[in-house]
**Student:** 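For reference, the structure I am asking about is given below.
Sequence positions, counted from 1, serve as the residue numbers for this chain.
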Amino acid sequence: LSAFTEGEPGEGREPFDLPRFWDALGQTFKVTSQEATKLSLAFSRPPLTSAEDCRKLSEDVQNAILAVATVYYWLPKGQGTTLRKMVRDATTEVVEGMIQLTETILSAPLESLSQEQLISTGGVWEACEQVSNLPRDNQAAVASALAVCLGVVKDALEEMEHALVEGQDPYSDIMEDEELGFRGNRDTYWSEADRKLLSSCMGLMKASKACLKKVLGVVKAYGKADSPEQIAQLDDLADIANEISPSVDELALSMYPPMNQLAVRLNAAKLASVLKKVLEITKTSHVCPPSEEGWVQFLSGAVDHNMNKIKNFTQGQL
């Protein structure tokens with residue numbers, strides 16, 4: 001497996017033919033799926049398969065996996081690192097599935113087809129079927145990666161909005177405790193000062209969602225994978241956009257009570273920095289014609305506006 005995750009592609013041995021690559025990869029995945037079925041059926045019931053048949057089965061499985069690996073290595077980095085990573089992940093899943101199926105067969109008694117063996121066989125089939133859903137070039141790969149990021153950010157934003165509605169101060173209708181001088185446990189709710197800060201943090205999270213949505217839109221509309229420069233620009237965009245969702249998650253986690261306002265400020269600054277980089281890379285790439293520069297400017301201003309408010313609210317914490 002390390003050969004897939006750490007190995008280098010063969011570059012420049014002959015002119016690369018993308019349609020031929022996809023045909024060959026689809027064929028090797030299909031053969032691997034068939035070999036998984038043959039292997040599973042051979043060990044689904046007594047009598048035990050002969051030594052000669054076992055040798056033939058194992059050779060066929062090995063050859064199918066080697067063919068998958070060979071075709072994967074045809075795909076050069078020049079076709080896009082985002083595309084290559086997705087193909088690598090799909091290929092690794094097929095190999096891991098076949099390893100799991102083999103281990104299941106070796107560890108199970110040969111009485112009948114076990115549930116584990118059925119699940120493992122189905123796992124290989126499912127992994128092999130993925131080839132038809134893989135993006136066909138780096139433009140499609142980057143669009144797919146951005147869509148995943150957008151989904152994660154949407155979920156984080158919805159969760160935070162729900163928490164804000166649910167997380168009203170549970171002691172707001174109770175007078176201050178006469179002896180203690182304050183109400184209840186402040187660890188379980190947001191103070192008024194916290195809520196002011198939260199509003200700007202939510203503004204930053206909404207800007208993250210809007211940024212990904214807009215970038216995804218222009219990648220779909222204007223993105224091309226016809227030249228090395230275009231492919232590299234798309235990869236740069238995917239790499240920096242991948243930092244948005246973890247940065248949003250870190251900010252969201254620090255927003256829950258009891259809130260450390262300085263931690264919130266630091267996480268907000270990190271997210272703002274990532275968003276500004278995404279917008280900057282978008283603006284200088286081929287996916288952003290002059291007609292699209294307006295929203296880039298607008299979102300950049302929205303990020304600055306919310307970050308300045310967060311700095312003002314937390315100035316006393318420094």
**Student:** Considering only heavy atoms from C-beta outward, does the side chain of Trp74 approach that of Arg20 to under 4.5 Å?
**Tutor:** yes
**Student:** With a 4.5 Å cut-off on side-chain heavy atoms, are Thr37 and Trp125 touching?
**Tutor:**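 A side-chain contact under 4.5 Å exists here.
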**Student:** Apply salt bridge (charged side-chain N to carboxylate O under 4.0 Å, His left out) to Asp304 and list each qualifying residue two or more places apart in sequence or on a separate chain.
**Tutor:** Lys276
**Student:** Would you indicate whether the side-chain heavy atoms of Gln79 and Arg84 approach each other to under 4.5 Å?
**Tutor:**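 In short, these two side chains do not touch, never coming nearer than 4.5 Å.
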**Student:** Quick check on the hydrophobic clustering: are Ile281 and Ile244 connected, directly or via other members, by side-chain heavy-atom contacts under 4.5 Å?
**Tutor:**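 Yes, because Ile281 and Ile244 connect within a single hydrophobic cluster, where side-chain heavy atoms sit under 4.5 Å apart.
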**Student:** Taking side chain to side chain contact (heavy atoms under 4.5 Å, CB included) as the test, write out the residues that go with Ala36, two or more places apart.
**Tutor:** Met98, Leu101, Val124
**Student:** Which distance, rounded to the nearest 0.5 Å, do you find between the CD1 of Ile310 and the CG of Leu271?
**Tutor:**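 Reported to 0.5 Å precision, the distance equals 8.5 Å.
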**Student:** Under a 3.5 Å distance rule, please check whether Trp190 uses its side chain to pair with a backbone N or O of Met255 as donor and acceptor.
**Tutor:**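 Here the side-chain-to-backbone pair exists.
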**Student:** Are Leu216 and Val152 connected in the hydrophobic side-chain network, where two residues link if heavy atoms are under 4.5 Å apart?
**Tutor:** no
**Student:** Quick one: does Cys54's side chain get under 4.5 Å of Phe43's, heavy atoms only?
**Tutor:**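 Side chain of Cys54 against side chain of Phe43, heavy atoms only: contact under 4.5 Å found.
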**Student:** Can you tell me if Glu229 has over 12 outside heavy atoms packed within less than 6.0 Å of its CD?
**Tutor:** no
**Student:** For Gln117, does its backbone N or O pair with a side-chain atom of Ser120 as donor and acceptor, under 3.5 Å?
**Tutor:** no
**Student:** Is any side-chain heavy atom of Lys214 closer than 4.5 Å to a side-chain heavy atom of Val296?
**Tutor:**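 Side-chain contact under 4.5 Å: no.
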**Student:** Would you find a donor on one side and an acceptor on the other, under 3.5 Å apart, between the side chain of Arg265 and the backbone of Lys311?
**Tutor:**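 A pair under 3.5 Å: yes.
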**Student:** Any side chain to side chain donor-acceptor pair (under 3.5 Å) involving residues 286-296? Give me the pairs, sequence neighbours left out, ordered by first then second residue.
**Tutor:** Tyr222-Glu292, Gln233-His286, Glu292-Trp295
**Student:** Can you check whether Lys77's main-chain N or O pairs, donor with acceptor, with Thr81's side chain at less than 3.5 Å?
**Tutor:** no
**Student:** In the structure I gave you, are the side-chain heavy atoms of Val264 and Thr314 within less than 4.5 Å of one another anywhere?
**Tutor:**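 A side-chain contact is absent here, since even the closest heavy-atom pair is not under 4.5 Å.
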**Student:** Can you list everything that forms a side chain to side chain contact (heavy atoms under 4.5 Å, CB included) with Glu159? Sequence neighbours excluded, please.
**Tutor:**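 Glu159 satisfies side chain to side chain contact (heavy atoms under 4.5 Å, CB included) with Tyr256 only.
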**Student:** Of all the heavy-atom pairs spanning Ser200 and Phe313, show the shortest one and how long it is.
**Tutor:**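 Shortest heavy-atom separation between Ser200 and Phe313 comes out as OG-CE1, 3.7 Å.
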**Student:** Kindly determine whether Leu25 and Thr28 satisfy side-chain contact (heavy atoms from CB on, under 4.5 Å), including the steps that lead there.
**Tutor:** CA-CA 5 Å; Leu25 193 71; Thr28 58; 4.2 Å; yes
**Student:** Rounded to the nearest 0.5 Å, how far does CD of Glu243 lie from CG of Leu275?
**Tutor:**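 One gets 10.5 Å once the value is rounded to the nearest 0.5 Å.
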**Student:** Under the side chain to side chain contact (heavy atoms under 4.5 Å, CB included) rule, collect the residues that match up with Cys149, sequence neighbours excluded.
**Tutor:** Leu212, Asn242
**Student:** Can you name the closest pair of heavy atoms from Ala268 and Leu251 and give their distance?
**Tutor:**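 Taking every non-hydrogen atom into account, N-CD1, 3.8 Å.
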**Student:** Any side chain to side chain donor-acceptor pair (under 3.5 Å) pairs touching residues 135-145, not counting sequence neighbours?
**Tutor:** Asn138-Asp235
**Student:** If you look at every heavy atom in Leu157 and Met202, which pair is closest and at what distance?
**Tutor:**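 Looking at all heavy atoms of both residues, the closest pair is CD1-CE, 3.7 Å.
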**Student:** Please check this pair: side chain of Ser285 against backbone of Thr282, looking for a donor-acceptor N/O pair closer than 3.5 Å.
**Tutor:** yes
**Student:** Should Ile240 and Leu146 be regarded as members of a common hydrophobic cluster, given that ILVMFWY residues are connected when their side-chain heavy atoms come within less than 4.5 Å of each other, either directly or indirectly?
**Tutor:**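 Yes, one cluster joins them.
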**Student:** Quick one: pull up CG in Asn306 and OG in Ser199 and give me the separation to the nearest 0.5 Å.
**Tutor:** 7.5 Å
**Student:** State, yes or no, whether a side-chain contact exists between Asp194 and Gln261 at a heavy-atom distance under 4.5 Å.
**Tutor:** yes
**Student:** Working to the nearest 0.5 Å, report the span between SG of Cys288 and CD of Glu280.
**Tutor:**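 Spacing of SG (Cys288) from CD (Glu280) equals 12.5 Å.
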**Student:** Quick one: list whatever passes salt bridge (charged side-chain N to carboxylate O under 4.0 Å, His left out) with Glu35, sequence neighbours left out.
**Tutor:** Lys38
**Student:** Tell me whether Leu134 is reachable from Tyr73 by hopping between hydrophobic residues (I, L, V, M, F, W, Y) whose side-chain heavy atoms are closer than 4.5 Å.
**Tutor:** yes
**Student:** Would you confirm whether Gln230, through its side chain, and Asp226, through its main-chain N or O, come within 3.5 Å as a donor-acceptor pair?
**Tutor:** yes
**Student:** Listed by chain and number, what are the salt bridge (charged side-chain N to carboxylate O under 4.0 Å, His left out) partners of Glu250, not counting sequence neighbours?
**Tutor:**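 If we apply the salt bridge (charged side-chain N to carboxylate O under 4.0 Å, His left out) test to Glu250, skipping adjacent residues, the hits are Lys270.
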**Student:** Can you see which heavy atom on Leu299 is nearest to which on Cys211, and at what distance?
**Tutor:**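 Smallest heavy-atom distance, with atoms named: CD1-CA, 3.6 Å.
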**Student:** CG of Leu204 to NE2 of His305: how many Å apart, nearest 0.5 Å?
**Tutor:** 11.0 Å
**Student:** Between Ala42 and Leu57, which heavy-atom pair has the shortest distance, and what is it?
**Tutor:** CB-CD1, 3.5 Å
**Student:** If hydrophobic clusters are built from ILVMFWY residues whose side chains come within less than 4.5 Å, do Leu266 and Met205 share one?
**Tutor:**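 Unlinked, Leu266 and Met205 end up in two clusters.
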**Student:** Which residue pairs satisfy the salt bridge (Lys or Arg N to Asp or Glu O under 4.0 Å) criterion with at least one member in residues 113-132, sequence neighbours excluded?
**Tutor:**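 Output for this query is empty, none listed.
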**Student:** Under the side-chain contact (heavy atoms from CB on, under 4.5 Å) rule, what do Leu234 and Thr82 come out as? Steps first, then yes or no, please.
**Tutor:** CA-CA 8 Å; Leu234 288 168; Thr82 311; over 6 Å; no
**Student:** Given side chains that start at C-beta, do those of Val94 and Tyr72 come closer than 4.5 Å, heavy atoms only?
**Tutor:**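 No, too far: nothing below the 4.5 Å cut-off.
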**Student:** For Asp239, check side chain to side chain contact (heavy atoms under 4.5 Å, CB included) against everything at least two apart and list the hits.
**Tutor:**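 Scan of Asp239 (side chain to side chain contact (heavy atoms under 4.5 Å, CB included), adjacent residues dropped) gives none.
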**Student:** Whether the side chain of Ser33 engages the backbone of Phe29 through a donor-acceptor N/O pair (distance < 3.5 Å, no angle test) should be reported.
**Tutor:**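 Not confirmed, Ser33 side chain does not pair with Phe29 backbone.
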**Student:** With sequence neighbours excluded, what pairs up with Lys85 under the salt bridge (charged side-chain N to carboxylate O under 4.0 Å, His left out) test?
**Tutor:**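 For Lys85 the salt bridge (charged side-chain N to carboxylate O under 4.0 Å, His left out) partners, ignoring immediate neighbours, are Asp89.
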**Student:** Return all side-chain donor-acceptor pairs below 3.5 angstrom for residues 59-67, not counting sequence neighbours, or 'none' if the list is empty.
**Tutor:**
from: Asp60; atom 1: OD1; to: Lys56; atom 2: NZ; distance (Å): 3.1
from: Asp60; atom 1: OD2; to: Lys56; atom 2: NZ; distance (Å): 2.9
from: Asn63; atom 1: ND2; to: Glu59; atom 2: O; distance (Å): 3.2

**Student:** Report the C-alpha separation of Val215 and Val287 in whole Å, then their side-chain angles, then the decisive distance to 0.1 Å, and conclude whether the side-chain contact (heavy atoms from CB on, under 4.5 Å) test is met.
**Tutor:** CA-CA 8 Å; Val215 172; Val287 302; 5.9 Å; no
**Student:** Could you report the tightest heavy-atom contact between Ala141 and Pro135, atom names first, then the distance?
**Tutor:**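 Smallest heavy-atom distance, with atoms named: N-CB, 3.4 Å.
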**Student:** NZ of Lys309 to NZ of Lys196: how many Å apart, nearest 0.5 Å?
**Tutor:** 11.0 Å
